[in-house]
Amino acid sequence: MIKTQKDNKVNGIRHRLCWVVVALSFIIYHLSFSACARMGSPDGGWYDDTPPRVVGSSPADGGTAVKAKKVVIDFNEYIKLENANEKVIISPPQIEQADIKAAGKRIIIELKDTLKEHTTYTIDFSDAITDNNEGNPMGNYTYSFSTGDHIDTLEVSGYVLNAEDLEPVKGMLVGLYPFNSHDSVFHTQPMMRVSRTNGSGRFTIKGVAPGSYRTFALNDADGDYIFGQKSEHIAYSRDSIMPSWKPDTRHDTIWRDSLHIANIVPTPYTHFLPDDITLLSFQEPQTDRFLLKSERAEPEKISLYFTYGHDSLPKIRGIDFNADSAFVVEHSLKNDTVHYWLRDTALVNRDTLTLEVRYMMTDTLGMLVEQTDTTAYVPKVLFAKRQKELERELEKWQKEQEKRKKRGLPYDSVRPPKMLDLKISPGSKITPLQKIHIESQEPLLSCDTSMVHLYFKVDTLWFNAPHEIRQLSVRSYEITAQWRDSTDYSLEIDSAAFVNIYGRVCKPTKMGVKVSNPDDFSTLEVTVSGAPISVADTLATVIVQLLDGSGKMTNQKVADASGKVKFLYVKPGTYYLSAYCDMNGNGQWDTGKYDEDLQPEPVFYFNEEVECKAKWDVSRRWNLTALPRYRQKPGKIIKQKPDQAKKLKNRNLDRAKQLGKEYIQDKTGMKM
């Protein structure tokens, strides 16, 4: 009996211990499951949607008298560092690239350059830091320290735009030099402090000391932070900037969800100035002349392509044939592209032609010197292969004629010669301001203008229409006439009116041409003002350009003395306007030259769309300088789009709806 009581007591203790173990196991399991749910939220718990947070650094952020070249930044969670080479900017710029890497909950930066004395260093991470699990961005973060006894905290910001079309320039270095620096400093010394532009062309230079500065921008091709190559795009300003600040307030919006605002909170902040610096990026004229390539892509011609033009054409001499009268020369306006068309079909049929070519090129000292090249030119398709293709075509034609003969249809026993094809543009419908262009694929030997006829129709009768024919190049002609509105014309070209250098003649051609009714079009009158042209600029004019819906120029005109231009026969549609000041009066936009302190010719955009409708007379008044340049170009025709901002993955809103709870998140990710 006594033994049984002892056994019962033992069994009771064991039973109670078992229940304790079971309860503890259940609690541990529940806690583990809950923890997992909070990380990945499989059971409906909250997601981790808070961004990483800095919990410490060595040296301390904002520390002074720093001597160490190694920086360690610690975070409260595991982090990732995205595109460090592109996004992380160290200032002053490091000639030898720093080693930047993420390791667990920290970022380690090892500077390779010698630290400068009494200098503030900033490491701008932009939006490169995210948490490892959810990819939540930390936001723009900048770490700083000083080798001196204080930290410089001023900032300057602005925009870099392409000078020619006001497109935002992404990824361009922007930096500062002291205002009293000599102009040659851009060629000889790295910029003091730097930043990089984002997709909107926006930059912010941080850690700036009080003083007077000039701003520069550089598309740094060789990583030395100086303007050392003519091919590098640059921008610079003569204006002095003096960094400053003022207290200001911004209004932050806190969203309850994607549609409803929870609150608008006024937040005081430090407003750094200037914040609207505008730099216009350009590439200097590439006047160095080199032969890019020479080729015989087609049997009939040899082509030379140069990086820049010259007043004189290359001189050629045939090594294995007489080249004195062997070619018809076709060249571009600046002589940077030259085509040599072979006149003699015997030479066309030769697979190899060796030429000695003498031309002017730039030497290592930047001087133009004569260069002589001897090159064998071989077409892409050899003569034997071309002959086989011609035989196949002939055989195909003969079979077709045999079929026609058997069917009792008209047929030819001798294949007619290949005719000269002419391209006639713009087509069967034109405006009274347009001209007709006639173009051949090969150079033309002659054009008998008496065999080109133009007629116009009155009622049912046709009359000769006065016109002029003018040769534009070795391959094209132009027809001008006093076109009558809403009138039918007929362009008729007789057989053999055009003959090319290989003896091929054109076939008879007849094409109807209809001149449009003015009521089908709109008229646009633009009056410009505010052009940055002084009385001393006697050659300067303002050229206004009409752009289509994609931003492509369709027409341009020079503004008169009162600033007016009128575009006639504008097809109905949506248009945009741009303009530039032609400072030297040469009728084209010119880039800048840094060493001559010559800025690119100024370009402007009208900030609004212009809607043109049939029968409408549209007018616009446009002050070119009323808006700052970075606000002028309409967003619909900007090709370079802004970077997509990284956002916190606020999946807890959906989870809150599922749970029937209220969830509000502020910018730090805190739940309220």
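The analysis underlying the following values was restricted to heavy atoms, covering all of them including side chains, and did not include hydrogens, waters or symmetry mates.
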Side-chain donor/acceptor pairs under 3.5 Å, residues 396-407, sequence neighbours excluded:
{"from": "Gln401", "atom 1": "OE1", "to": "Asp412", "atom 2": "N", "distance (Å)": "2.8"}
{"from": "Arg404", "atom 1": "NE", "to": "Pro410", "atom 2": "O", "distance (Å)": "2.7"}
{"from": "Arg404", "atom 1": "NH2", "to": "Pro410", "atom 2": "O", "distance (Å)": "3.1"}

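For the side-chain contact (heavy atoms from CB on, under 4.5 Å) test with Val542, the passing option among Ile533, Val558, Asp560 is Ile533; the others fail. When each of Gln556, Lys552, Met553 is checked for a side-chain contact (heavy atoms from CB on, under 4.5 Å) with Leu547, only Met553 meets the rule.
Atom CD of Gln441 sits in a sparse spot, with 12 or fewer heavy atoms from other residues, nucleotides or ligands closer than 6.0 Å. More than 12 heavy atoms of other residues, nucleotides or ligands sit less than 6.0 Å from atom NZ of Lys639. With a 6.0 Å radius and a threshold of 12 heavy atoms from other residues, nucleotides or ligands, Leu333 has its CG atom at or below the threshold.
Residues Asn464 and His453 fail the side-chain proximity criterion, which asks for heavy atoms closer than 4.5 Å.
No side-chain N or O of Trp341 forms a donor-acceptor pair with one of Glu442 less than 3.5 Å apart. No side-chain donor-acceptor contact under 3.5 Å links Lys571 and Thr431.
A salt bridge does not link Glu284 to Lys593: none of the charged side-chain nitrogens sits closer than 4.0 Å to a carboxylate oxygen. A salt bridge links Arg238 to Asp183: at least one charged side-chain nitrogen sits closer than 4.0 Å to a carboxylate oxygen. Salt-bridge annotation for Arg392 and Glu395: absent, with no side-chain N of the basic residue lying under 4.0 Å from a carboxylate O of the acidic one.
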Practice task
Start with the C-alpha gap between Ser294 and Tyr377, add the side-chain angles, then the distance that decides, and say whether side chain to side chain donor-acceptor pair (under 3.5 Å) holds.
Solution key: CA-CA 9 Å; Ser294 61; Tyr377 293 94; 3.3 Å; yes
Practice task
Given side chain to side chain donor-acceptor pair (under 3.5 Å), test Asn85 with Gln97 step by step and report yes or no.
Solution key: CA-CA 9 Å; Asn85 290 336; Gln97 190 172 11; 3.1 Å; yes
Handout entry: Derivation of the salt bridge (charged side-chain N to carboxylate O under 4.0 Å, His left out) call for Glu478 and Arg470
Key = CA-CA 5 Å; Glu478 175 185 81; Arg470 182 170 69 95; 3.0 Å; yes
Exercise for the section: Start with the C-alpha gap between His187 and Asp595, add the side-chain angles, then the distance that decides, and say whether side chain to side chain donor-acceptor pair (under 3.5 Å) holds. Expected result: CA-CA 10 Å; His187 288 301; Asp595 290 333; 2.8 Å; yes
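Panel note: side chain Glu295, backbone Ser303; no donor-acceptor pair is recorded below 3.5 Å.
Annotation: the span from Ile469 atom CD1 to Tyr477 atom OH amounts to 9.0 Å, rounded to 0.5 Å.
Classification of the Tyr177-Phe186 ring pair by plane angle, with boundaries at 30° and 60°, yields perpendicular.
With ring centers used as reference points, Phe567 lies 6.0 Å or more from Tyr575.
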